[in-house]
Amino acid sequence: MEAFSAVQGRTVALPINDIDTDQIIPARYLKVTDKDGLGSACFSDWRYNADGSPKPEFPLNQTAYQGAQVLIAGHNFGCGSSREHAPWALMGAGFKAVISTYFADIFKNNALKNGLLPVVVDADTQQQLISLAQEDPTSEVSIDLASQTLTLPDGRAITFPIDPFSKYCLLNGVDQLGFLLGLENEIQSYEVDHRDRINTLAVS
Amino acid sequence: MAQTLFEKVWNSHLVKPQTAETPAVLYIDLHLVHEVTSPQAFTLLRERGLKVRRPDKTLATMDHSTPTTPRNLDGIIPVTDQQAAFQLDFLTKNCQEFGIPLYALGTENQGIVHVIGPEQGLTQPGMTIVCGDSHTSTHGAFGALAFGIGTSEVGHVLATQTLLQSKPKTMAIRVDGTLQPGVTAKDIILAIIAKIGVGGGTGYVLEYMGSAIRALSMEGRMTICNMSIEGGARAGMIAPDDTTYDYIAGRTYAPKGADWDRAVAQWRTLPTDPEATFDAEVVLDGDALIPMITYGTNPGMGMKITDRVPDPDHLGDVSQKIALDKALRYMDLQPGQSLLGKAVNVVFVGSCTNSRITDLREAARMIEGQRVAEGVRMMVVPGSQRVKAQAEAEGLDQIFRAAGAEWREAGCSMCIAMNGDQLQPGEYAVSTSNRNFEGRQGKGGRTFLASPLTAVATAINGVITDPRELLERV
């Protein structure tokens with residue numbers, strides 16, 4: 001995984017609550033065996049007409065928002081399925097961070113493992129960011145992971161939470177599997193200590 | 001110290017406890033794998049030269065992208081979608097290379113991943129179970145800690161049999177009382193989600209308790225735990241009891257002889273201690289429940305089937321008002337409208353929520369001797385090949401066919417609509433599945449979630465129907 005330290009960029013707002021993973025990437029795009037090429041299908045059903053032409057009213061299709069790296073979303077972003085295709089699609093569409101008041105559990109876990117930063121803010125900040133994105137698409141925010149700071153165009157700096165382990169892994173470009181592989185001794189002794197536990201697949 | 005069911009399972013699976021710097025490392029007893037969320041994890045293993053650490057604790061099946069159309073003359077279920085065929089072949093290849101047992105498409109044990117685990121006796125109390133699928137919470141019905149994971153985590157478990165997890169909080173959901181005729185486990189869980197909302201359980205593991213939960217069959221308990229994720233919860237659990245042990249006994253992978261006695265003695269220690277406390281508690285009156293139905297585009301937008309569609313203008317919160325307004329426009333429904341009498345195009349009985357043998361028996365009892373209404377397509381999709389065989393041995397397939405319903409091969413089918421089973425734009429369906437998100441059952445399709453009884457009553461009348469009106473037929 002590539003290291004993540006900071007992002008400075010323009011924003012685009014989807015101020016809708018409970019955006020589920022079926023909207024982020026509909027299930028019919030999940031018949032793939034790799035992670036690439038999902039960006040064009042991100043928000044597919046909101047983004048395209050039946051004939052495949054882009055819907056002009058959808059923000060991601062508008063010229064002013066091309067190249068936006070930060071998505072401002074409504075409450076409880078990413079609810080629904082466990083598909084990691086959701087962060088893959090968002091990253092494929094060019095996003096490096098998502099800002100919301102609340103993230104669904106599995107989505108947040110998946111995002112952090114891929115270097116897509118979920119940034120939790122209070123409702124007032126969220127509203128301010130939505131207005132900014134809608135009124136001035138050229139306005140930029142900056143997000144610094146080391147100091148856990150989101151800086152708004154007016155200079156206001158806001159601290160956001162992140163668990164220390166995910167932060168460490170993101171800053172250093174370390175993937176979490178490496179950490180688990182390093183615990184081989186602990187895993188082996190756990191298995192020895194619990195060798196009497198029934199392994200249901202081995203019984204028949 | 002007094003512990004909850006969750007805490008007992010959590011604590012007994014800690015390879016490494018949580019510290020200020022790192023999450024807990026949890027040992028996984030059973031890893032279920034399917035074709036859609038595993039390919040990139042196997043690729044990762046291959047790229048890094050890693051093996052599957054415990055193929056003996058890993059089982060794969062094919063369910064999500066598999067067709068449910070009839071077998072050909074050779075007894076094969078043909079896969080005509082090239083992309084799906086490639087994905088299924090990739091799973092076969094991965095299982096061969098890494099030594100993982102696979103229930104391949106059409107073979108006798110194949111089926112929806114959350115149906116096969118319990119029916120094989122693989123799902124047992126006190127275990128940790130994961131799968132790259134959010135409805136893994138289903139297995140919590142047995143007092144297991146079971147939850148969905150992403151593909152990166154599938155790779156973690158394949159390679160190390162462990163998972164990094166921050167410790168969730170606990171929420172007790174108490175449902176006391178006796179369900180009225182026509183009210184099912186599905187109605188309980190739809191009522192719970194309508195109460196707590198789609199994000200209300202985020203960060204929690206739920207434990208369902210109370211006399212109405214105790215009275216449920218294992219299939220009913222699975223329906224409840226299945227939809228825990230629809231309230232945002234990491235997992236849902238129900239303490240094991242004699243109903244649990246009776247269900248497991250004699251199944252293929254159940255312990256036998258002295259091992260059985262030892263297992264049951266250990267399982268009896270799992271229920272939450274009387275003095276244990278929860279971080280949150282929700283109470284629902286089981287006596288007052290009536291059949292439920294959703295009207296919107298997430299499972300939290302549900303109501304009593306006799307209620308009227310809520311009015312966005314009556315909501316105080318602006319963002320909720322926007323969300324409801326958007327949902328009603330998608331569903332083409334009006335505030336204040338009753339859903340009773342609303343015409344539907346499709347009725348779907350199936351999915352990991354409601355495709356087990358008891359679901360099919362209930363559905364068949366109601367439809368026996370009746371006809372699916374003119375212009376309505378009714379699909380019945382058994383959860384597994386074993387469920388299908390059992391239903392056919394009982395003649396349920398004949399009852400469905402005689403009524404004009406389609407009887408299909410096992411799989412996820414129209415719940416996730418990635419195998420060709422899908423709604424057309426604008427169509428309405430009453431579905432026994434778990435998600436009514438926009439486009440979930442096909443682009444532009446509109447879903448009402450309900451119980452199998454409500455689904456069948458609706459199929460018979462061709463319009464949304466309170467199943468209590470047809471109860472004399474059950």
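All chains are named by letter (A, B, ...) in the order of the sequence lines, taking the proteins before the strands, and each is independently numbered beginning at 1.
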Enquirer: Tell me, for Ile106(A) versus chain B, whether the close heavy atoms (under 4.5 Å) come from the side chain, the backbone, both or neither.
Expert: side chain
Enquirer: Can you say whether Asp45(A) sits under 4.5 Å from chain B via the side chain, the backbone, both, or neither, judging by heavy atoms?
Expert: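 Looking at Asp45(A), backbone and side chain both touch chain B.
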Enquirer: What part of Phe107(A) gets within 4.5 angstrom of chain B, counting heavy atoms only: side chain, backbone, both, or neither?
Expert: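 Neither part; nothing is under 4.5 Å.
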Enquirer: Is a donor from one side chain sitting under 3.5 angstrom from an acceptor on the other, for Glu230(B) and His135(B)?
Expert: yes
Enquirer: Hey, is NZ on Lys55(A) packed in by over 12 heavy atoms from elsewhere, all under 6.0 Å?
Expert: yes
Enquirer: Heavy atoms under 4.5 Å from chain B: which residues of residues 156-181 of chain A carry them?
Expert: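 Result: Pro164(A), Phe165(A), Asp175(A), Gln176(A), Leu177(A), Gly178(A), Phe179(A), Leu180(A), Leu181(A).
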Enquirer: Out of Arg83(A), Gln23(A), Lys35(A), Glu186(A), which one racks up the most heavy-atom pairs below 4.5 Å with chain B?
Expert: Gln23(A)
Enquirer: Considering only heavy atoms, which portion of Asp193(A) lies under 4.5 Å from any heavy atom of chain B: side chain, backbone, both, or neither?
Expert: neither
Enquirer: Does any heavy atom of chain B fall under 4.5 Å from the side chain of His75(A), the backbone, both, or neither of them?
Expert: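 The answer is neither part of His75(A).
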Enquirer: Using non-hydrogen atoms and a 4.5 Å limit, figure out which bit of Gln188(A) sits close to chain B: side chain, backbone, both or neither.
Expert: both
Enquirer: With a 4.5 angstrom heavy-atom cut-off, could you sort out which part of Asn76(A) is near chain B: side chain, backbone, both or neither?
Expert: side chain
Enquirer: Tell me whether Glu57(A) at atom CD has more than 12 heavy atoms from other residues, nucleotides or ligands lying less than 6.0 Å away.
Expert: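 It does: Glu57(A) CD has more than 12 such atoms within range.
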